[in-house]
Q: 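There's a structure below that I have some questions on.
If you're wondering where the values come from, they're calculated on a predicted model, not measured in any experiment.
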Amino acid sequence: MSHHDTTGGAPAPRSHTEPADDQLALERTHARKCRAAAAAAASAAARRVDEGAGVLAGEGVSGDGAGAEALGRYLRGQARDLGEETGGPPFFGSLHYLETPQAGEHAGERYHIGRRRIAEHPAAAPLVVDWRAPVSRAFYQATAQKPAGVQRRRRYGWRPGAPGEPDSLTALEDELLGESGESTPGRLVAKELERPRVGPMRDIVATIQPDQDDLVRAPLTKSLCIQGAPGTGKTAVGLHRAAYLLFAHASRLHRGGLLVVGPNPRFLDYIAQVLPALGESGVSQHTVADLVAPEGFAGPTAEEGAEAARVKHSPAFAEVLRQAVHAHLRPPTEPLAVPDGAYTWRLPAEELHRIVTETAAREMPYEAGREAVRTAVCAALRSLAEQRTGPRGTAWLRRMGSSKPVKRLLDECWPKLRPQRLLARLLTDEGELAAAASGHLSAAEQGAVLRKGGGRGRPADRWTAADLLLLDELEGLLHRSETSLGHLIVDEAQDLSPMECRALARRSRFGSLTVLGDLAQGTTPWAARSWEEQLLHLGAPGADVVPLTTGFRVPEALTAAANAVLATLDVPVPPARSLRGSGRLRVRRSARLAEAAVDAVRRALTSDGSVAVIAAPERLAEVQRALADAQLSASPTGATSTAVRVTAVAADSAKGLEFDHVVLVEPAEVLAADARSGGRHLYVAVTRAVSGLELVHRAPLPECLAHARSCRISTERGPFPGD
């Protein structure tokens, strides 16, 4: 590895053809050329938007307002994206190929690699190659053992916070693959991995590791489940996979669409800037609740008990709804008579019974089944008519299908159903619920979901969050949409209930999925116990389950503590390992918890980066008051402003967030706060930090952390009676 850093202190270059300062000057010259080309492209795009405004106003186009509007949206989006290219470093790495046959078509070539392609004009050779292009893969995959024709891999260091001006390029680092014995992350990679974490999540495009790159570039048709330990970059891998698929399969995903699903709005805010930074600004990001809410619905309007919610989220309730729908099918017992001018066509009850039962056996969506019965009845009528007087056309068939006798038959044997009315009856009528739940729910479970005093057939005017999932399930049973996403990326998937998984599966019936999560962090009442079962609910039983266990950001001392907690959880998850030897884990016992927490925050603020105080929900208000009294402003949970350095968050709301320093107040309370998920909340809490973790406690530490204390932990004792 060879280095050059204008800030001083770096080792001298080991193998260069020019002096290092000359190389840095040449790279800055290239950066100026790139910025000029990007600015010119942005200006040209802005001019096209102005010219397109005339098109939108009707100038030079006739009779195609929709096409003009689409053109305007495209031009505005292109101008926005190109304008953003001038806002950061134009490249983060480069590849220098050998002039040998092993390099193939790239022999003697040199490629700069960045977040987006930059060229002086569309037909010109690129000044910067998009990181997703096939030639860029060697930047992430080439090794000394398998250099793939690469002579030198170069990384660039840019001044933090600078918008990418050429003079902010301060460092070069070369990896000479033809000369070094092994390929290891260099100083610039380590520096990037250890950058302070303030504000929203950033992309990792400059530091993607080979195993991560394999997952990012996996084929579109391949569904993946990534079981990722904390700090292994599973969320970043999922987002970079989204950007890669949109680049490599643009036309296919333009038709089918790509959706990112996160656990809550706070999490989506945290990751919102990653895809735009990678050149993809039009990707939809939603929670499951967003997806299942009916159009124009403001949100749940009622609360319910934990047991009722658990029952409604269970897969058994899907069978209850299916049974409730099919209970409305009543095979006819009377013949059908349809007047046709002077003649009346008659179908016997036996034939009608056969049509209805055979259609029901096909298990198609309910409304499609109703139309199939109509079609079959009309076909039988046509057969009678053609035997008597000859062929009948489509107009005659339409007339038969809309005749009053046929409509009456359908309403009697296959009546129209409305999801909200059907669910309201099911949840308020004890007899109807008992009939639908027979064989699926116990009497106690039926009692938990039954709304007392509803009255038969009375529409419900209040829906809970779980009810919205049931309505969505009913919509699928009745109308099954023909649209399907091309790809679905689901993060924190271990916390999805079976009914939430089914809602997502309905939207990706013909597409593929990337499922991200960590079984050890499953904290909902219905959290997955195994990926095999969860993938079955998601409609992807054949997906590969790939573990990510190497932590690139969480230090070794913190990983050891996390693994000690993990060992107490009954989950089939391998322990993580860390590539970072840095980091600090402190333990302080004090009779004055809030005061000790404030001291720990002040100590953490002497280092760069964000600070979070995590506590059990019932302890959080006390901690927030202490921080306010100490004039240490604590942001609301999950705030992403770069101006905010201190966050106070309950342990049950910390999942998915990442901070440089964490002060965990009274770990025993976190463990005891939830009889079922307390251990998992503790695991989440001790894995939120990427630099330093301080455990502040008055009660004895949980046994798992007390045991880990003898391993790579520096202990500081505060005042405590009897110590």
Q: Taking the side chain from Arg241 and the backbone from Ala218, do they hold a donor-acceptor pair closer than 3.5 Å?
A: yes
Q: Within the distance-only criterion (no hydrogens, no angle test), does the side chain of Arg509 pair as donor or acceptor with the backbone N or O of Ala505 below 3.5 angstrom?
A: no
Q: Considering non-hydrogen atoms only, spot the tightest contact between Leu127 and Cys34 and give its length.
A: CB-SG, 3.9 Å
Q: What do the steps show when you test Ile113 against Leu95 for side-chain contact (heavy atoms from CB on, under 4.5 Å), and what is the final call?
A: CA-CA 8 Å; Ile113 299 167; Leu95 292 171; 3.9 Å; yes
Q: Kindly give the heavy-atom pair with the smallest separation between Ile118 and Ala38, and that separation in Å.
A: CG2-N, 4.1 Å
Q: Looking at Arg418 and Glu475, is there a salt bridge between them, counting it only when a charged N and a carboxylate O are closer than 4.0 Å?
A: no
Q: With distance as the sole test, does Arg137 use its side chain to make a donor-acceptor pair with the main-chain N or O of Ala133 at under 3.5 Å?
A: no
Q: Taking NZ, NE, NH1 and NH2 as the nitrogens, is one of them in Arg502 or Glu473 under 4.0 Å from a carboxylate oxygen of the other?
A: yes
Q: What heavy-atom pair brings Val325 and Leu422 nearest, and what distance separates the two atoms?
A: CG2-CD1, 4.1 Å
Q: So which atom in Ala138 and which in Tyr97 form the shortest heavy-atom distance, rounded to 0.1 Å?
A: CB-OH, 3.6 Å
Q: I'd like to know whether Val260 forms a side-chain contact (heavy atoms from CB on, under 4.5 Å) with Ile271, so could you lay out the CA-CA distance, the side-chain angles of the two residues, the decisive distance to 0.1 Å, and finally the verdict.
A: CA-CA 10 Å; Val260 175; Ile271 68 172; 4.3 Å; yes
Q: Hey, does Gln227 have a side-chain heavy atom less than 4.5 Å from the side chain of Asp518?
A: yes
Q: Quick one: CZ on Phe247 to CZ on Arg117, what's the gap to the nearest 0.5 Å?
A: 9.0 Å
Q: Indicate yes or no for a side-chain donor-acceptor contact from His240 to the backbone of Ala236 under 3.5 Å, with no hydrogens or angles considered.
A: yes
Q: Assess the residue pair Leu246 and Leu275 against the criterion (side-chain contact (heavy atoms from CB on, under 4.5 Å)); give the C-alpha distance rounded to whole Å, side-chain angles, the decisive distance to 0.1 Å, and a yes or no.
A: CA-CA 11 Å; Leu246 288 165; Leu275 285 170; 5.6 Å; no
Q: Can you tell if the side chain of Ile489 reaches within under 4.5 Å of the side chain of Leu513, non-hydrogen atoms only?
A: no
Q: For Ser512 and Lys222, which I'm curious about, is there any donor-acceptor pair between the side chains at under 3.5 Å?
A: no
Q: Do Pro263 and Lys655 make a side-chain contact, defined as non-hydrogen atoms from C-beta onward lying under 4.5 Å apart?
A: no
Q: Please determine which of Phe139, Trp131, Trp158, Tyr111 meets the ring-ring contact (aromatic ring centres under 6.0 Å, His included) test together with Phe91.
A: Trp158
Q: When you measure from the side chain of Arg116 to the backbone of Asp130, do you find a donor-acceptor pair of N or O atoms at a distance under 3.5 Å?
A: no
Q: Could you tell me whether the side chains of Gln209 and Tyr140 share a donor-acceptor contact shorter than 3.5 Å?
A: no
Q: Can any side-chain N or O of Arg153 pair as donor or acceptor with the backbone N or O of Ala142 at less than 3.5 Å?
A: yes
Q: Just by distance, no angles: are the side chains of Asp495 and Gln521 close enough, under 3.5 Å, to form a donor-acceptor pair?
A: no
Q: Going from CE on Met364 to CG on Leu477, what distance comes out if it is rounded to the nearest 0.5 angstrom?
A: 14.0 Å
Q: Look only at the side chain of Ser508 and the backbone of Gly511, and say whether a donor-acceptor pair between them is shorter than 3.5 Å.
A: no
Q: Is the side chain of Gln273 donor-acceptor paired with the backbone N or O of Arg202 at a distance under 3.5 Å, no angle test?
A: no
Q: List the steps, then state whether side-chain contact (heavy atoms from CB on, under 4.5 Å) holds for Leu471 with Val292.
A: CA-CA 8 Å; Leu471 289 172; Val292 302; over 6 Å; no
Q: I'd like to check Trp526 versus Glu500 (side-chain heavy atoms, cut-off strictly below 4.5 Å). Are they in contact?
A: yes
Q: Report the residue from Leu259, Leu258, Leu278 that forms a side chain to side chain contact (heavy atoms under 4.5 Å, CB included) with Val283.
A: Leu258
Q: Are Asp467 and Lys312 ion-paired here, with the side-chain N under 4.0 Å from a carboxylate O?
A: yes
Q: Can a donor-acceptor pair be found, under 3.5 Å and without considering hydrogens, that links the side chain of Gln212 to the backbone of Thr232?
A: yes
Q: What's the spacing between Asp491 CG and Thr514 OG1 if we round to 0.5 Å?
A: 10.5 Å
Q: Just checking, any donor-acceptor pair under 3.5 angstrom between side chains of His112 and Ser94?
A: no
Q: CG of Leu485 to CZ of Arg506: how many Å apart, nearest 0.5 Å?
A: 13.0 Å
Q: Just wondering, do Val237 and Ile226 contact through their side chains at under 4.5 Å, heavy atoms?
A: yes
Q: Hey, does Val490 have a side-chain heavy atom less than 4.5 Å from the side chain of Cys501?
A: no
Q: Do Cys225 and Asp544 make a side-chain contact, defined as non-hydrogen atoms from C-beta onward lying under 4.5 Å apart?
A: no
Q: Any chance you could measure His30, atom NE2, to Leu169, atom CG, to the nearest 0.5 Å?
A: 11.0 Å
Q: What do you reckon, is CZ of Arg252 surrounded by more than 12 foreign heavy atoms closer than 6.0 Å?
A: no
Q: For Glu280 and Arg132, what are the C-alpha separation, side-chain angles and deciding distance, and is it a salt bridge (charged side-chain N to carboxylate O under 4.0 Å, His left out)?
A: CA-CA 12 Å; Glu280 301 296 344; Arg132 298 166 289 187; 2.8 Å; yes
Q: Testing the 3.5 Å rule here: is there a donor-acceptor pair between the side chains of Asp213 and Gln141?
A: yes
Q: Between Arg154 and Glu175, does any side-chain N to carboxylate O distance fall below 4.0 Å?
A: no
Q: Locate the shortest heavy-atom distance separating Leu536 from Pro541; write the atom from each residue and the value.
A: CD1-CB, 3.9 Å
Q: Could you check Glu492 against Gln494 for side-chain hydrogen bond (donor to acceptor under 3.5 Å, both in side chains), going step by step and ending with a plain yes or no?
A: CA-CA 6 Å; Glu492 300 292 351; Gln494 77 282 344; 2.8 Å; yes
Q: Which distance, rounded to the nearest 0.5 Å, do you find between the CG of Leu291 and the NE2 of His286?
A: 6.0 Å
Q: For the residue pair Leu215 and Val546, establish whether any side-chain heavy-atom pair is separated by less than 4.5 Å.
A: yes
Q: Restricting to non-hydrogen atoms, name the atom on Ala124 and the atom on Ala119 that form the minimum distance, rounded to 0.1 Å.
A: O-CB, 4.0 Å
